[in-house]
> 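Here's a structure for you.
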Number of protein chains: 2
Amino acid sequence: MKHKGKATSFDIAHYAGVSQSTVSRALRNSPLVNEETRRKVHEVAAKLNYKVDKNASNLRTQQSSTLALLLFEDPTTDESQINPFFLSMLGSITRACSKEGYDLLVSFQSSSQDWRADYEDSHRADGIILLGYGDYLDYQSRLQQLLEQDTKFVCWGAKVDGRPDLTVSCDNYGGGQLAAQHLIDQKRTDCAFIGDASHHSPEFFARYQGFKDTFQAKGIQLNERKIANAISTEDSGYHATKSLIANNVHFNALFAASDLIAIGAIRALQEAGIAVPNDVRVVGFDNIPAASYVSPALTTVQQNTTLAGQMLVSNLLSLIRGETVESTLLPPNLIVRNT
Amino acid sequence: MKHKGKATSFDIAHYAGVSQSTVSRALRNSPLVNEETRRKVHEVAAKLNYKVDKNASNLRTQQSSTLALLLFEDPTTDESQINPFFLSMLGSITRACSKEGYDLLVSFQSSSQDWRADYEDSHRADGIILLGYGDYLDYQSRLQQLLEQDTKFVCWGAKVDGRPDLTVSCDNYGGGQLAAQHLIDQKRTDCAFIGDASHHSPEFFARYQGFKDTFQAKGIQLNERKIANAISTEDSGYHATKSLIANNVHFNALFAASDLIAIGAIRALQEAGIAVPNDVRVVGFDNIPAASYVSPALTTVQQNTTLAGQMLVSNLLSLIRGETVESTLLPPNLIVRNT
DNA sequence: CCACTATCTGACACCGGTGTCATAATGTGG
DNA sequence: CCACATTATGACACCGGTGTCAGATAGTGG
């Protein structure tokens, strides 16, 4: 009775005394099959622990009920740590996929050469989610390529003018405004910014713009000298802040383009004997888990990762179904803690 | 010239003026095909942006070059947060997979009913990695089922006697010893333990045993009243510690079964006006990213997640290839910080 | 009782590759 | 020049499902 290898629909057909076609229909609950027959087939299938071969099924139907997630990070990041913000996005995307009945293929783009966006071409996935800060290598030209190949994909991250790709992102500009308004309310108007004030990372740039513009609207100009560049790591934030301090730059508030940067900045400040929040108030961005654990607990702009994951998945599925979808901008949220 | 839909090997064959069989061979660099022909085929394939259809290929070869990762957490955990330790394992597993040329399917087991370990049965994956603390629902009986179905899988977590599954885990017992020895060296022998001292979670239990036995070897008996149960969340650690304090339990050291618990415990201690590390020294377990960011920085037992991910993948691949593999025990590592 | 419809089932082509086998073309030694 | 090995290629079955079509059976109305 025990076969070598897995049971196929032919085995079920044999034991249930029907044709293989009927087995296939019965298992997918086609209305064409008699109630009695369906019961019988299901029963035999359960007994033989039969599972539909997804490869055969996908091959025939030309779709995979699978999405692919491409996760890429700043190439200068060492390989041991992954930005916790992306990890929590990963978690919410996984959950959203499974809620929609899709599987998720995950892939890191750790080195430049293995840009593996061919999941759709090879019929492994019906669509692709791109997750990462958009300053990765020749990101732009690669997106262009995907568009030309008519690959279905959604990007996490800032919408860039003139790029017709579908994106889901946090309102980074609005988040910068929130941070600025909070500091203004606290009467801290002598601000430093740590992140990337150039166009290099569209997300960081938008955060900076919203921040700067809000101050400007109050007649306050941000001082160029109080801007330091950093990528999104604790270490980078630490060193950027240290160099500000070493250059005798003074400020009573600091806006960091990400929580990791903020955490590094706080460490640098504390080492220099500068009290947080008394001497310098700090606002971060992302609301990563660690933000609430550090002490003092970090005030930060929250990105709703659960919603973001759901929107990425549902927008992508709409796109795949051929519906017209608009890029989505999610409202950020200020979490006031102790910095 | 532009086809509707993706190009197939027949299209390549047509344009290259050879048979489809030859295309297939040429693209897989079979030695049977002439150098000149191979070049020509590759050239046409590149021009048409051809990618092998993985479904067809997998169907024929009966393997998928894909592994599946089942991530399950304590069912009481709310769905928004995922244990950061598992996230970093996820990261290292993803990297290890891609290094081996395998893709990774990720799935959360958030609710009880959707135990989807059928990735192998449905030929979606060649093997399965199970990741989670082993107190998930009727975990044991489900493993038994996988074994009976001859599914290829590896578990992260404690090796349980009499269970013939392949595991990779940290030496939790040894980790408990490290923590104990460290506290003894610091002359802190009045210890509390927060975690799970029952057999419920084999990992936590082993950590507790190693800890307890080391003290016992020095003639010190752990006081039952100083043990509090907690699952691996910050909140649970916080409440467990709070209840110890409320019950007037005194101690000058605390061993937490995980970093999240330790972070929650520190919060409870600090709120109660108990200084860390002066009044109570704290040792955690896992070395999650946040451990180094909290203040005071957490002393903890590190699990080498990079190595763990590599071992899980390589052991699973060995198992799939039919080689005999032994369960692996990874050495833990004490990271002394400021608690 | 026949014509016609509704319901159910089986035969068969097909998805796009891979592997086997037969065969053609070329080369080598006696 | 023939026997034989070597190399390169095409024809074809096959993986395990899904969808289409034709046909069998039962049911209904005139």
Side-chain angles (χ1 to χ4, degrees), chain A residues 3-42 44-45 48-66 118-126, chain B residues 3-42 44-45 48-66 118-126:
Chain A
H3 265 250
K4 221 61 221 132
K6 317 273 179 198
T8 73
S9 54
F10 284 93
D11 300 324
I12 313 294
H14 177 73
Y15 288 114
V18 294
S19 78
Q20 182 269 341
S21 303
T22 303
V23 171
S24 174
R25 278 189 290 256
L27 291 177
R28 282 173 301 131
N29 294 316
S30 156
L32 290 175
V33 59
N34 183 288
E35 182 56 39
E36 175 75 11
T37 320
R38 184 209 321 288
R39 245 199 353 84
K40 177 70 182 162
V41 168
H42 272 103
V44 175
L48 296 188
N49 193 40
Y50 169 80
K51 296 281 154 48
V52 172
D53 184 314
K54 279 288 186 181
N55 291 315
S57 168
N58 291 345
L59 173 58
R60 183 62 228 249
T61 58
Q62 297 292 40
Q63 40 115 347
S64 61
S65 65
T66 301
D118 57 354
Y119 288 103
E120 202 212 3
D121 301 313
S122 62
H123 292 276
R124 309 212 50 161
D126 299 333
Chain B
H3 264 249
K4 223 56 223 133
K6 318 272 180 200
T8 72
S9 53
F10 284 93
D11 300 325
I12 313 293
H14 177 74
Y15 288 114
V18 295
S19 77
Q20 183 270 339
S21 304
T22 302
V23 171
S24 175
R25 279 189 288 255
L27 291 177
R28 282 174 302 129
N29 294 317
S30 158
L32 291 174
V33 58
N34 181 289
E35 182 56 39
E36 174 78 11
T37 320
R38 185 209 320 288
R39 242 197 357 82
K40 176 73 182 163
V41 168
H42 272 104
V44 175
L48 297 187
N49 194 38
Y50 169 80
K51 296 283 152 47
V52 172
D53 185 315
K54 278 289 185 181
N55 292 314
S57 169
N58 291 345
L59 173 59
R60 182 62 228 248
T61 57
Q62 298 292 38
Q63 38 115 352
S64 61
S65 65
T66 301
D118 57 353
Y119 288 103
E120 201 212 2
D121 301 313
S122 62
H123 291 277
R124 308 211 50 158
D126 299 334

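By convention in this document, chain letters (A, B, ...) are assigned in the order of the sequence lines, proteins followed by strands, and residues within each chain are numbered from 1.
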> To the closest 0.5 Å, what do you measure between CG (B:Asp118) and NZ (A:Lys54)?
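It comes to 8.5 Å.
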> Quick one, which residues of residues 17-29 of chain B touch DNA chain C with a heavy atom under 4.0 Å?
B:Gln20, B:Ser21, B:Ser24, B:Arg25, B:Arg28
> When the C1' atoms of the five terminal pairs at each end define the local axes, what inter-axis angle does the helix from C:dC1-D:dG30 to C:dG30-D:dC1 show, to 10 degrees?
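The end axes of the helix from C:dC1-D:dG30 to C:dG30-D:dC1 are about 50° apart, to the nearest 10°.
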> Can you name the closest pair of heavy atoms from B:Tyr50 and B:Thr8 and give their distance?
CE1-C, 3.5 Å
> Please identify each residue that fulfils side-chain hydrogen bond (donor to acceptor under 3.5 Å, both in side chains) with B:Ser24, with sequence neighbours left out.
B:Arg28
> For the residue pair B:Asn29 and B:His42, establish whether any side-chain heavy-atom pair is separated by less than 4.5 Å.
yes
> If you compare all heavy atoms of A:Gln20 against all heavy atoms of A:Ser9, which two are closest, and at what distance to 0.1 Å?
NE2-OG, 3.1 Å
> Tell me, please, which residues at least two apart from A:Thr22 pass side-chain contact (heavy atoms from CB on, under 4.5 Å).
A:Val18, A:Ser19, A:Arg25, A:Val33, A:Thr37
> Of all nucleotides in DNA chain C with an atom under 4.0 Å from a non-hydrogen atom of chain B, which is the first and which the last going 5' to 3'?
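The contact span of chain B on DNA chain C goes from C:dG16 to C:dT20.
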> What parts of residues 32-41 of chain A reach DNA chain C, counting only heavy atoms under 4.0 Å away?
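Residues of residues 32-41 of chain A that come under 4.0 Å of DNA chain C are, in numerical order, A:Leu32, A:Val33, A:Asn34, A:Thr37.
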> Counting only N and O atoms by type, is there a donor-acceptor contact under 3.5 Å from the side chain of B:His14 to the main-chain atoms of B:Phe10?
no
> Quick one: CG on A:Leu27 to NZ on A:Lys51, what's the gap to the nearest 0.5 Å?
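Reported to 0.5 Å precision, the distance equals 11.5 Å.
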> Indicate the atoms forming the closest heavy-atom contact of A:Ile12 with A:Ala45, along with that distance.
CD1-CA, 3.7 Å
> Flag the pair B:Lys6 / A:Gln62 as yes when at least one side-chain heavy-atom distance between them is below 4.5 Å, and no otherwise.
no
> Taking the side chain as every heavy atom from C-beta outward, state whether A:Arg124 and A:Thr66 have any pair of such atoms under 4.5 Å apart.
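Heavy-atom side-chain distance check fails, nothing below 4.5 Å.
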> Quick one: does any side-chain atom of A:Ser64 pair with a main-chain N or O of A:Asp126 as donor and acceptor, under 3.5 Å?
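Such a contact is found between A:Ser64 side chain and A:Asp126 backbone.
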